[in-house]
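Because the structure is predicted, anything quoted here is derived from the model rather than measured. These numbers come from the heavy atoms of this one structure, side chains and all, not from hydrogens, waters or symmetry mates.
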Amino acid sequence: MASLVRSATLRFLKPLGNLTLNDAFNHPRTQTRSVRAFSTTLSPPSKAVVYEQHGPPDRVTRVIQLPPVEVKENDVCVKMLAAPINPSDINRIEGVYPVRPQVPAVGGYEGVGEVHSVGSAVKGLLPGDLVIPSPPSFGTWQTHIVKDQSVWYKINKNSPLEYAATITVNPLTALRMLEDFVTLNKGDAIVQNGATSIVGQCIIQLAHHRGIHNINIIRDRTGSDEVKEKLKNLGADEVFTESQLEVKNVKGLLSGIPEPALGFNCVGGNAASLVLKFLGRGGTMVTYGGMSKKPITVSTSSFIFKDLSLRGFWLQNWMSTEKAKECRVLIDSLLDLAREGKLKYEMELVPFDNFNAALDKALGKQGSQPKQVINFQL
């Protein structure tokens, strides 16, 4: 396999047309002259992060050169500018995410790029336009991508690069969860754990922007006072460590903030139980992650006497084809907030040549780190 990969991806002297990634891995060199003659547009060769099997990302991924592919009449060739390393990207490579591409595959699921060339039938997109895959699409960790025009959505060219690359997964998750489960009005309250995550930071800012009180739970850690201050600067009303909530009446800590009608859980275990303790009668807790890998435990009295509801949210399920247009309108509104400085979160732009170092940070090998965003231009 290794020799075929090298010959198929590094040594092609003639373009092979619209190859799948599997073709690029397995096509023998002897066919380079016998496929067919081309008169169509071809993409540039692409440098890509690929994996041939599922497993630990730092072991199964590698950067290789892929050959040019044909740009058909409805296709758009995009020069990628930036793409993040999300936890879900890591889970896909590990093979534990519910939806994942078949291997061999190129990593990455969201990002931003510039239109390089378009097929003869493409309308509404021109070379130089700034675009994102919307809904997100597999294979963004590469320098050039060729896909049907329906995949690409043109965004404001003044959008900050790192926010354009990361706007679709985390900020959109925060926005949808604030809108889809409980009708919230100015002066209402929400509560969440995992407040330092990017989704958590987005929830704080979006809630604050709408006049909704937000109560935030963080884990006990060194430097928790600095973390609290950082979240309050984003618009957090209250920030508690888990140990601070080891009291019988947590609502006595709220200083006049109403009982939350909506809570968000991305941790599970005790952190989820703390969210439930804050919720008022008839409240709803939405789970969108399980970082502790511990189950959610709910007391019988919470169901009977507080009539609590437990719901789940998965962005990919929401972003069906029918929701694509609605999704794009929301992305525009989120990018507007980012340009205005009303939506922000910490990221680190990393040159593509330093991908392995960025992956190590994303895997937590160096402790808590900003979101790693690969910059293909550096």
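- Under 4.0 Å is where a charged nitrogen must lie from a carboxylate oxygen, and between R210 and D188 no such pair does.
- Rounding to the nearest 0.5 Å places CG of L81 at 8.0 Å from CG of N375.
- Under the 3.5 Å distance criterion, the side-chain polar atoms of E162 are left unmatched by any main-chain donor or acceptor of L349.
- Within the 3.5 Å criterion, the main-chain N or O of L234 finds no donor-acceptor partner in the side chain of Q201.
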*asked:* Using side-chain contact (heavy atoms from CB on, under 4.5 Å), reason through K306 and S301 one step at a time and then give a plain yes or no.
replied: CA-CA 7 Å; K306 293 180 68 176; S301 62; over 6 Å; no

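- Using a distance-only test at 3.5 Å, with no hydrogens or angles considered, a donor-acceptor pair links the side chain of E110 to the main chain of T168.
- Using a distance-only test at 3.5 Å, with no hydrogens or angles considered, a donor-acceptor pair links the side chain of S292 to the main chain of K294.
- Rounding to the nearest 0.5 Å gives a distance of 6.0 Å between CD of Q372 and CD1 of I85.
- When every heavy atom of P57 is checked against every heavy atom of E94, the shortest pair comes out as CD-CG, 3.8 Å.
- N86 and S88 are not linked by any side-chain donor-acceptor pair at a separation below 3.5 angstrom, with hydrogens and angles left out of the test.
- Side chain of Y163 to main chain of Y345: a donor-acceptor pair is present (N/O by atom type, distance under 3.5 Å, no hydrogens or angles).
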*asked:* Is there a side-chain contact (heavy atoms from CB on, under 4.5 Å) between V106 and L66? Walk through the geometry before answering.
replied: CA-CA 10 Å; V106 176; L66 296 177; 4.2 Å; yes

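- Within the structure, side chain to side chain donor-acceptor pair (under 3.5 Å) contacts touching residues 96-108 (residues at least two apart or in different chains) are Y97-W314.
- Proximity of a side-chain donor or acceptor of D220 to a complementary backbone N or O of S243 within less than 3.5 Å is detected.
- Residues I331 and L335 have side chains in contact (heavy-atom distance under 4.5 Å, counting atoms from C-beta outward).
- Judged by the 6.0 Å and 45° rule, R176 forms no cation-pi pair with F313.
- Salt bridge D58/K365: present, at least one basic N to carboxylate O contact under 4.0 Å.
- Put simply, the side chain of R92 reaches to within 4.5 Å of the side chain of D89, judged on heavy atoms.
- A distance-only check finds no donor-acceptor pair linking the side chain of W141 to the backbone of Y109 [under 3.5 Å].
- Contact check for F264 versus V275: no side-chain heavy atoms found under the 4.5 Å cut-off.
- The distance between the ring centers of F352 and F376 falls below 6.0 angstrom.
- Annotation: side chain of Q192 is not in contact with side chain of N214 (no heavy-atom distance under 4.5 Å).
- For the pair F278 and I257, the minimum side-chain heavy-atom distance is 4.5 Å or more.
- Taking OG1 of T287 as the start and CE of M177 as the end, the distance is 9.5 Å to the nearest 0.5 Å.
- Judged by distance alone, the side chain of N74 and the main-chain N or O of G119 form no donor-acceptor pair under 3.5 Å.
- Checking Q369, K230, K371 one by one against E346, the side-chain hydrogen bond (donor to acceptor under 3.5 Å, both in side chains) holds for a single residue, K230.
- Side chains of L42 and E70 form a contact here, defined as non-hydrogen atoms less than 4.5 Å apart.
- Using a 4.5 Å heavy-atom threshold, the side chains of V69 and D75 count as separate.
- Counting only distance, with no hydrogens or angles, the side chain of K232 and the backbone of V239 share no donor-acceptor pair below 3.5 Å.
- A distance of 7.5 Å separates CG in L279 from OG1 in T284, rounded to the nearest 0.5 Å.
- Note: L184 CG to K186 NZ = 14.5 Å, rounded to the nearest 0.5 Å.
- Looking only at distances, a side-chain donor or acceptor of N265 sits under 3.5 Å from a matching main-chain atom of G268.
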*Would you sort out whether M285 and L308 count as a side-chain contact (heavy atoms from CB on, under 4.5 Å), showing the intermediate values?*
CA-CA 8 Å; M285 183 175 78; L308 298 184; over 6 Å; no

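- Inter-residue side-chain proximity for F240 and V250 is flagged as unmet; no heavy-atom pair is nearer than 4.5 Å.
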_The test is side-chain contact (heavy atoms from CB on, under 4.5 Å); show your working for M291 and V267 and say whether it passes._
CA-CA 5 Å; M291 292 188 293; V267 181; 3.7 Å; yes

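- Taking OG1 of T241 as the reference point, atom CD of E246 lies at 8.5 Å (rounded to 0.5 Å).
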